[in-house]
Amino acid sequence: MQGLALGYLLQVIASELLSTGSLTILSAIQSIACLAVMIIVWHEYAIGVVLFRWRLDIIDSTIPFMFGICEFVMIAAIAIPRTHPTLSDSRFSIFLWSLPVFCLVSCLAYRNQYSKAVIDDECRDSVAVSKKNFYQAMWTAIAFSVIAITNEIWRFGTLGQMILAGIIAVSFIGHCFRINNAYDQACSPIS
């Protein structure tokens with residue numbers, strides 16, 4: 001799923017570069033945020049495969065597709081041409097609204113993970129990390145919803161959109177490192 005999302009993102013970037021000859025700063029920052037989202041999803045699933053065992057059901061098969069849909073919408077918002085007569089004003093708004101939805105899917109994934117996980121003794125604290133990730137995803141969904149609502153009310157200008165997209169990209173990149181450190185600490189040998 002992440003390979004499909006990455007392929008679509010690269011196609012969108014290439015299309016903008018070929019059609020306009022450049023990539024706007026906003027599109028570049030949004031693309032970085034989308035890439036960070038893909039890395040988070042892939043990394044969490046990679047960690048889950050290594051640390052946890054559980055019997056799969058239809059929810060476990062559905063969640064990756066839900067992530068894929070969220071990522072598609074994020075990337076599709078970047079792909080809307082700035083000259084589109086009706087959607088160009090909504091490009092950033094669609095991108096913003098896809099973020100809390102992504103975070104809510106993350107909540108479902110974390111809840112599913114820690115409710116079913118069977119772990120080995122050496123990584124017993126990993127489920128606690130998954131629970132903390134659930135709460136962080138929930139609070140992030142609320143924060144992104146507030147940002148999206150604020151954008152609906154005041155419609156951020158180009159500079160505001162670039163700053164906000166930068167903050168979003170940095171928060172996702174920071175989350176990548178936080179996840180990695182949290183699981184490393186949970187699975188480190190006790191001396």
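Just so it is clear, the structure is predicted and the values come from calculations on it, not from any experiment.
- Distance alone, capped at 3.5 Å, places no donor-acceptor pair between the S15 side chain and the Q11 backbone.
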Test side chain to side chain contact (heavy atoms under 4.5 Å, CB included) on S171 and F144 and set out the steps.
CA-CA 11 Å; S171 70; F144 284 152; 4.2 Å; yes

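- Counting heavy atoms from C-beta outward, I69 and M66 have side chains that stay 4.5 Å or more apart.
- The CD atom of E44 sits 13.0 Å away from atom CD1 of I39, with the distance rounded to the nearest 0.5 Å.
- The SG atom of C34 sits 6.0 Å away from the CG atom of L9 when rounded to the nearest 0.5 Å.
- Both I147 and I163 belong to a common hydrophobic cluster when Ile, Leu, Val, Met, Phe, Trp and Tyr are linked at side-chain heavy-atom distances under 4.5 angstrom.
- Taking CD1 of I75 as the reference point, atom SG of C70 lies at 11.0 Å (rounded to 0.5 Å).
- Ring centers of F72 and Y8: under 6.0 Å apart, within the cut-off.
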Criterion side chain to side chain contact (heavy atoms under 4.5 Å, CB included) on Q2 and E71, from CA distance to verdict: CA-CA 9 Å; Q2 299 315 300; E71 291 165 346; 2.8 Å; yes

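- Here the CD atom belonging to Q161 is positioned 7.5 Å from the CD atom belonging to Q30, to the nearest 0.5 angstrom.
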Check the pair F102 / F67 against ring pair (Phe, Tyr, Trp, His ring centres under 6.0 Å), numbers first and verdict last.
-> CA-CA 7 Å; F102 168 78; F67 277 126; 5.4 Å; yes

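- Atom CG of L10 sits in a crowded spot, with more than 12 heavy atoms from other residues, nucleotides or ligands closer than 6.0 Å.
- Counting heavy atoms from C-beta outward, I80 and S90 have side chains that stay 4.5 Å or more apart.
- At distances below 3.5 Å, not a single donor-acceptor pair connects side-chain atoms of T20 with backbone N or O atoms of L17.
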For this session: Decide yes or no on ring pair (Phe, Tyr, Trp, His ring centres under 6.0 Å) for Y110 and Y45, but give the supporting numbers first.
Result: CA-CA 10 Å; Y110 286 127; Y45 272 96; 9.5 Å; no

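- What you find for S145 and W97 is that their closest heavy atoms are O-CH2, 4.2 Å.
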Next item on the list: Applying side chain to side chain contact (heavy atoms under 4.5 Å, CB included), run through S93 and R155 and close with a yes or a no.
Entry: CA-CA 8 Å; S93 182; R155 290 291 177 181; 3.6 Å; yes

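- Side-chain atoms of I149 and W154, non-hydrogen and from C-beta on, never get closer than 4.5 Å to each other.
- V105 and M138 end up in the same hydrophobic cluster when Ile, Leu, Val, Met, Phe, Trp and Tyr side chains are linked at under 4.5 Å.
- Residues F52 and L108 share a hydrophobic cluster, clusters being chains of Ile/Leu/Val/Met/Phe/Trp/Tyr side chains in contact below 4.5 Å.
- Residues W139 and I142 meet the side-chain proximity criterion, which asks for heavy atoms closer than 4.5 Å.
- For the pair L56/S61, no side-chain contact is recorded, criterion being any heavy-atom separation below 4.5 Å from C-beta on.
- Only one option out of L104, T140, V73, I168 pairs with L99 in a side-chain contact (heavy atoms from CB on, under 4.5 Å); it is I168.
- Under 4.0 Å is where a charged nitrogen must lie from a carboxylate oxygen, and between D57 and K116 at least one such pair does.
- When all heavy atoms of A137 and C103 are compared, the pair lying nearest together is O-CB, 3.5 Å.
- Here the side chain of S27 pairs no donor or acceptor atom with the backbone of L23 at under 3.5 angstrom.
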*asked:* Test side chain to side chain contact (heavy atoms under 4.5 Å, CB included) on F134 and S106; report intermediate values, then the result.
replied: CA-CA 7 Å; F134 168 82; S106 297; over 6 Å; no

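- Side chains of Q136 and R178: a donor-acceptor N/O pair is present below 3.5 angstrom, by distance only.
- Put simply, I29 and I40 are part of the same group of oily side chains (I, L, V, M, F, W, Y) that touch within less than 4.5 Å, one to the next.
- The CG atom of L4 lies 10.5 Å from the CE atom of M38; values are rounded to the nearest 0.5 Å.
- For the atom pair CZ (F156) and CG (L26), the distance works out to 12.5 Å, reported to the nearest 0.5 Å.
- Judged purely by distance below 3.5 Å, without hydrogens or angles, the side chains of Q113 and N133 never pair a donor atom with an acceptor atom.
- Under the 4.5 Å side-chain criterion, counting only non-hydrogen atoms from C-beta, E152 is not in contact with L96.
- In this structure, V41 and M1 have side chains that are not in contact, with every pair of non-hydrogen atoms separated by 4.5 Å or more.
- There is a path of hydrophobic side-chain contacts, each under 4.5 Å, that joins I47 to Y135.
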